[in-house]
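Just below is one structure, and these are the notes that go with it.
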Amino acid sequence: MAQNTLDDYKKDQNTYSIDTSKKLKVGIIGCGWIAGDHIREYLKMPDIELVGVADLIEGKAEKFLAKAGAPEGVKIYRSHKELIDNEELDAVSVCTYNMQHAEPTIYALEHGVNVLLEKPMCVTLEEAVAIRKAEKASGKIVSVGFQPRYNPNMQMIKHIIESGELGHIYHITIGGGRRRGIPTPYGTTFIEKETGGYGALGDIGCYALDMVLNGLGYPKPLTVTGFTSDFFGKADDYKYKDVFGVDDFAIGFIRLEGGITIDFKTAWAMNIDSMGDTVILGTKAGLKIPSSGHWGSIDAPLKLYRNIGDTPVETVIPMSPEPPEGVFYWKVRYFLDAVKNGTEAPVPTSQVIYNQAILSAVYDSAKIGREVEIDIPEI
């Protein structure tokens, strides 16, 4: 089940057991890089039968299954429709490139199949609305792939905010990014507009936003002013400049309901080692989240800043060890449990549609050069 507090999370990790009395039939759509993490975890689960995988590229699925050490009998299909039409599935992982997230997700839901959907949720707000509508009509669930939520140090951020220790939160600064980290080791699908849709904004920016929005309880975004650039991807000496069609740097100024603002920055490449720590400002205290070279973990302790009387005080929050199984394991495990138990998705689209709305608004604002309002229809 989804964990509501840090204490619930820690207790569950210590006492958890898998109910093997009911088995689920699972498929994987898209056999690229991230799908390797999904199949690795599925093959650990004693209550899961991996029945089929699908990929458009000839021979890719065969290599994928062989590399993962999948058991014989897993069937291979050339499209998500063939997989879903020919197998009795309880759930699928959608691991396609970003521009193809929505179509197979909606098709699966329309055929009564639950979905573990890799991040970002999709590419446009319109697609996110369509996914939400299909999910609601189907009675099935979609859980979005934000595995950092299962890191206990990430959980601590939410725990501190919900404790009221910070008082009223009024401003957040997020400064994450990579000095050099355009993701091309596995091809160019991340950087081509026709497949990626977004660049750094959707790849790692969505994680940064989820880290703080989840802690806040996902307040509704109201307006966004955004800017994007591709100076590194289009540089004369960059070998993929001719196919680079997304952002390698993005910023946004976001207004949320409740009088909260966010100054947001993310980058795949930049001429600096860091754009700074994430800072959450409250009327009673402030919280500093150290900048990390990668998403999904925190490399140094959180720090709480406040005054006791007239004396400035800093409190270092002790770090907790990550779960030995890894956060990705728990992303998959809690999704499967929600499917079996008929409970809410661990990372529900009702929250992540706000994340998606911000990503889309950053792009929209960057195109027209001014602030845009966010309008999410009732679903």
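Keep in mind that what you see is a predicted model, and the values were worked out from it rather than measured.
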Assigning hydrophobic clusters by single linkage (Ile, Leu, Val, Met, Phe, Trp, Tyr; side-chain heavy-atom cutoff under 4.5 Å), is [X] placed with [Y]?
X	Y	result
I358	I251	no
M275	L201	no
F249	F264	no
L281	F253	no
Y170	L209	no

Short side-chain to backbone donor-acceptor contact, [X] and [Y], under 3.5 Å:
X	Y	value
T283	H168	yes
D248	F232	yes
S138	K140	yes
K303	T315	no
H159	Q155	no
K136	I379	yes

Can you check whether [X] reaches [Y] side chain to side chain, under 4.5 Å on heavy atoms?
X	Y	value
S350	R132	yes
V224	D364	no
L116	V339	no
F190	V246	no
M211	I289	yes
P346	Y150	yes
M45	Y329	yes
I157	I298	yes

A quick test of your reading: do over 12 heavy atoms of other residues, nucleotides or ligands sit less than 6.0 Å from [atom1] of [X]?
X	atom1	answer
K67	NZ	no
R40	CZ	yes
K284	NZ	no
K133	NZ	no
R180	CZ	yes
E257	CD	yes
K340	NZ	yes

Ignoring hydrogens, what is the shortest heavy-atom contact between [X] and [Y]? Give both atom names and the distance.
X	Y	result
D337	T343	O-OG1, 4.4 Å
D277	S291	OD1-N, 2.8 Å
L302	M156	CD1-CG, 3.8 Å
R78	G59	NH2-N, 4.0 Å
V362	G252	CG2-CA, 4.4 Å

Would you kindly say whether [X] and [Y] are connected by a side-chain donor-acceptor distance under 3.5 Å?
X	Y	answer
H38	E118	yes
E192	Y97	no
S93	Y42	yes

Both conditions, 6.0 Å and 45 degrees, for the charged tip of K331 above the ring of F328: are they met here?
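Here K331 passes the 6.0 Å and 45° test against F328.
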Taking V142 as the fixed residue, which of T349, V94, V347 is the one that meets the side chain to side chain contact (heavy atoms under 4.5 Å, CB included) rule?
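Filter result, single survivor: T349.
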Against S360, only a single residue in V123, I374, L125 fulfils side chain to side chain contact (heavy atoms under 4.5 Å, CB included); can you say which?
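So, applying the side chain to side chain contact (heavy atoms under 4.5 Å, CB included) to S360 and each of V123, I374, L125, only L125 qualifies.
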Would you sort out whether K119 and V352 count as a side chain to side chain contact (heavy atoms under 4.5 Å, CB included), showing the intermediate values?
CA-CA 10 Å; K119 60 78 193 171; V352 184; over 6 Å; no
Y198 and Y363 aromatic centres sub-6.0 Å:
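Judged by ring-centre distance (under 6.0 Å), Y198 and Y363 do meet the cut-off.
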